[in-house]
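The figures here come from the full heavy-atom set of this structure, side chains too, leaving out hydrogens, waters and symmetry mates. Just so you know, residue 1 is the first one in the sequence shown, and it goes up from there.
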Amino acid sequence: MRETGATALSYGAGLADAASIRDLRTLSQRRLPKAVFDYIDGGAEDETALRDNEDGFLGWHLVHRIAVNVAERSAKVELLGREQALPLVFSPTGLTGFYHPNGEILAARAAGRMGIPYTLSTMSVASIEEVAKGAPETDLWFQLYGLRDRDWMHGLVRRAQEAGYRVLCVTLDLPVSGRRERDVHNRFTMPLRPSLANVLDLALHPSWSFGVLRSPPRFGNFEDAGTTGFTNIAQRIAGSFDASLHWGDVQKLRDLWRGPMVIKGVMHPEDAAKAVEIGCEALMVSNHGGRQLDHSPAPVTMLPEIARAVGRRAQLIVDGGVRRGTDILKAVGLGATACSIGRPFLWGLTAGGQEGAEKAITLLRHELDVAMILLGVARLSAVTPDHLRPAQRRTRT
């Protein structure tokens, strides 16, 4: 499903020259209508948490060691019982197939080709089964939201299990959607609400607009829920999130799922300990990319406390703010097994399809390798807190 010919040129123009994740963001911003780019890029309210997620990594210096043989290196990690080529996971991102035609399948294929897991969102355009069929070689994880209709929620779990997904990732930090003011200003809705500004913006981004016309948005996992039509399904989903979800419900999911289970949205040590008690093998330390509760701390800053709370009983995945290979090293030094990335791969995907998503991983892989050489570590397991020193907090420019 790789793009070819003129389509590939329009989607991937400038991709070869991208030297960083920031460059992919710039390419993505050029290609997408403003309302769509802002929906991916933005955060809640003042976007303080969004900025702090990146800047949190600047609170640590890396202290290198010398005269260490690093001629041969490996960034492989064992994550939830499987060896991965890199300490990275693609985060669940809703509507990925809206940002780029067949986005979920292309992103899953990119992750598989690069040897890392892909996490499919409940709110995906392509269905659970379509992604499993389209990316059979990828280590697939399924992300589940807490939904009012427990029978439907449990049915999604069964569908993922039957389709061959290996890991269940339960997101617990979205009892209600955060207020994202960029979307309010842009009048962003699904489907897009017609306005003069939106129509003009769509006309200025023809490659994206034509892609949407060829592959209209849908919610693949909800199409057999007794509701038809995209707008009707979107309205149904908007009222589906459940603020009453509690640990008893999570325990039922743990009992239902036959395989590793991750809790996403952990930010407090006591919650981390509770998740481990009910049998979760990994925790995703996350504030939902700064899109939910503004002024929440950066996940990387909470990592040491959570690592102390769970010890070796569960693996930790840091989600939010990773933009450089050095960020990955810092997270590992603070107790993480891996990092989860959302916006970086979305920027790559929207800039260049599957090739762009692979580019995002390639950039981080190269930066990580160079940083390991310079830090003086040949294996990620050699990175310890002794390689880190507190630094005065700065703002990433």
- [ ] Decide if the gap between the ring center of Phe142 and the ring center of Trp257 is smaller than 6.0 angstrom.
- [x] no
Task: Any side-chain donor near an acceptor of the partner, Arg180 and Gln292, under 3.5 Å - done: yes
TODO: Taking the side chain as every heavy atom from C-beta outward, state whether Trp141 and Tyr118 have any pair of such atoms under 4.5 Å apart.
DONE: no
Open item on the list: If we count only N and O atoms by modelled type, under 3.5 Å, do the side chains of Ser127 and Asn221 hold a donor and an acceptor together?
Closed with: no
TODO: Indicate the ring-plane relationship of Tyr99 and Tyr39, choosing parallel, tilted or perpendicular according to the 30° and 60° boundaries.
DONE: tilted
Open item on the list: Using a 3.5 Å distance criterion without hydrogens, assess whether the side chain of Asp52 forms a donor-acceptor pair with backbone atoms of Ala298.
Closed with: no
Open item on the list: Can you tell me if Arg389 has over 12 outside heavy atoms packed within less than 6.0 Å of its CZ?
Closed with: yes
Task: Glu270, CD: over 12 other non-hydrogen atoms inside 6.0 angstrom - done: no
Task: No-hydrogen, no-angle side-chain donor-acceptor test under 3.5 Å, Asn53 and Asn287 - done: yes
Could you go through residues 75-89 and list every donor-acceptor pair under 3.5 Å that involves a side-chain atom there, pairing it with any protein atom two or more places apart or in another chain?
unit_1	atom_1	unit_2	atom_2	d
Glu78	OE2	Leu80	N	3.4
Glu78	OE2	Gly81	N	2.4
Gln84	NE2	Asp139	OD2	2.9

Open item on the list: With rounding to the nearest 0.5 angstrom, report the CD to CG distance, Glu45 to Leu50.
Closed with: 12.5 Å
Open item on the list: For Trp347 and Asp41: C-alpha separation, side-chain torsions, deciding distance, then whether side chain to side chain contact (heavy atoms under 4.5 Å, CB included) applies.
Closed with: CA-CA 9 Å; Trp347 291 329; Asp41 197 64; 3.2 Å; yes
Task: Hydrophobic cluster (4.5 angstrom, side-chain heavy atoms) - remaining members for Ile373 - done: Val68, Val70
TODO: Determine the interplanar angle of the Phe345 and Phe90 rings, folded into 0 to 90°, and report it as parallel if under 30°, tilted if 30 to 60°, perpendicular if over 60°.
DONE: parallel
Open item on the list: With a 4.5 Å cut-off on side-chain heavy atoms, are Arg379 and Met372 touching?
Closed with: no
Open item on the list: Working note: Gln354 + Asn102, criterion side chain to side chain contact (heavy atoms under 4.5 Å, CB included); need CA distance, chi angles, decisive distance, verdict.
Closed with: CA-CA 10 Å; Gln354 180 178 337; Asn102 301 306; over 6 Å; no
- [ ] May I ask you to check whether over 12 heavy atoms, not counting those of Arg65, lie within 6.0 Å of atom CZ?
- [x] no
TODO: Taking atom types as modelled, find out whether Ser244 and Asp242 have a side-chain donor-acceptor pair closer than 3.5 angstrom.
DONE: yes
Task: Within 6.0 Å of CZ in Arg313, more than 12 heavy atoms from elsewhere - done: yes
Open item on the list: Within the structure provided, determine whether Asp369 and Arg73 are in side-chain contact (heavy-atom separation under 4.5 Å).
Closed with: yes
Open item on the list: Distance alone, cut at 3.5 Å: any donor-acceptor contact between the side chains of Glu104 and Ser124?
Closed with: no
Open item on the list: For a 4.5 angstrom cut-off between non-hydrogen side-chain atoms, does Thr362 reach His366?
Closed with: no
